[in-house]
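Just follow the structure's listing: the first ligand is 1, and inside any ligand the first atom is 1. Note that this is a predicted model, so its numbers are computed, not measured.
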Amino acid sequence: MANVLPACLLLLLSAHLVRSVGVFELKVHAFRSARALCQRAVDCRIFFRLCLKHSQDVILPEPPCTYGSGLTEPFSADQISSSAPIRVPFNFKWPGTFSLIIEVWSAESSSEQSTENQTNLITRLATNRTLAIGEESAQEVHQGEQSELHYSYHVVCDKHYYGDSCSDYCRPRDDSFGHFTCNSTGNRTCLEGWDGVYCTEPICLSGCSKEYGYCETPGECQCRMGWEGPLCDKCRRHPVCMHGTCSQPWQCNCKKGWGGLFCDQYLN
Ligand SMILES: *[C@@H]1O[C@H](CO)[C@@H](O)[C@H](O)[C@H]1NC(C)=O
Ligand SMILES: *[C@@H]1O[C@H](CO)[C@@H](O)[C@H](O)[C@H]1NC(C)=O
Ligand SMILES: *[C@@H]1O[C@H](CO)[C@@H](O)[C@H](O)[C@H]1NC(C)=O
Ligand SMILES: *[C@@H]1O[C@H](CO)[C@@H](O)[C@H](O)[C@H]1NC(C)=O
């Protein structure tokens, strides 16, 4: 038993870890260099590497990239502006501050993106940044010793995640666990006829007695024991009561001129 529990926990944990809540996107707009980028001038290809970390005093460019990392495909050094963004998904509360490390590497061959050999590292920038969800960074420029890199980045929440750190979850549903949609701030908006924090409580027929009526689907009015009428606000008399009324369930209060336990005896 002692072995089973941690394994279960681990499984739960890893199932949780694969799901991301948001994504950091970096776009490289331009890269210029005064020196030759590649050893072999023919078909010179480069790629970019992004490493995101928690804010560090001294930013160490080496892994681990605690917030995630990513690479671009290698591409021809003079078609850089067409590069697709580097996307780094994350699965924690977006903290707003981070260390941003961008590296430019020359690719030995078009299919290879090795970051092993430091002689292929063309330039690197490492900087502390702050960025809120949804905010687009202005295009930033990094001036290296012999190069210039133009880039921008932003952070967006995944579908169904909201808030300042992408940690609020709202997914529309219409079943026994809730009947709602989500508004643009991730708040639940109940479907018509439903109420409550999770929109699980049906709204009964208008006027339905709060005390003696209830409903299981919107617009109904079902009566509790001893009550009746469209709004469940009328007491039920004793079942064999003949000429009587009630003010509480199961009573039989005789009308004028009638008597007996069930008001079935004419008194005159
Ligand atoms: C990065 O940010 C941290 C915390 O905000 C700060 O303590 C540190 O001095 C900064 N480091 C650099 C290199 O700017
Ligand atoms: C690193 O790359 C350079 C240039 O491409 C090459 O001359 C050198 O042999 C490589 N070093 C290693 C250890 O692979
Ligand atoms: C979303 O719903 C919440 C709570 O009902 C409300 O306070 C907020 O203003 C709504 N946001 C928008 C953008 O409508
Ligand atoms: C919903 O709205 C309230 C304010 O009406 C806000 O405090 C809360 O953070 C919002 N978001 C969620 C996901 O509940």
Task: Residue that, paired with Phe98, satisfies ring-ring contact (aromatic ring centres under 6.0 Å, His included) out of Phe24, Phe90, Tyr67 - done: Phe24
TODO: Report yes or no: does Trp94 contribute a side-chain atom to a donor-acceptor pair with the main-chain N or O of Leu131 at less than 3.5 Å?
DONE: yes
Open item on the list: Using a 4.0 Å cutoff against the non-hydrogen atoms of Ser184, which atoms of ligand 3 qualify?
Closed with: 13 (C)
Task: With Trp227, the ring-ring contact (aromatic ring centres under 6.0 Å, His included) member among Trp250, Tyr214, Tyr212 - done: Tyr212
Task: Arg188-ligand 3 polar pair, N/O distance under 3.5 Å - done: no
TODO: For the residue pair Glu140 and His142, confirm or rule out a side-chain donor-acceptor distance under 3.5 Å.
DONE: no
Task: N or O contact, Thr185 vs ligand 3, cut-off under 3.5 Å - done: yes
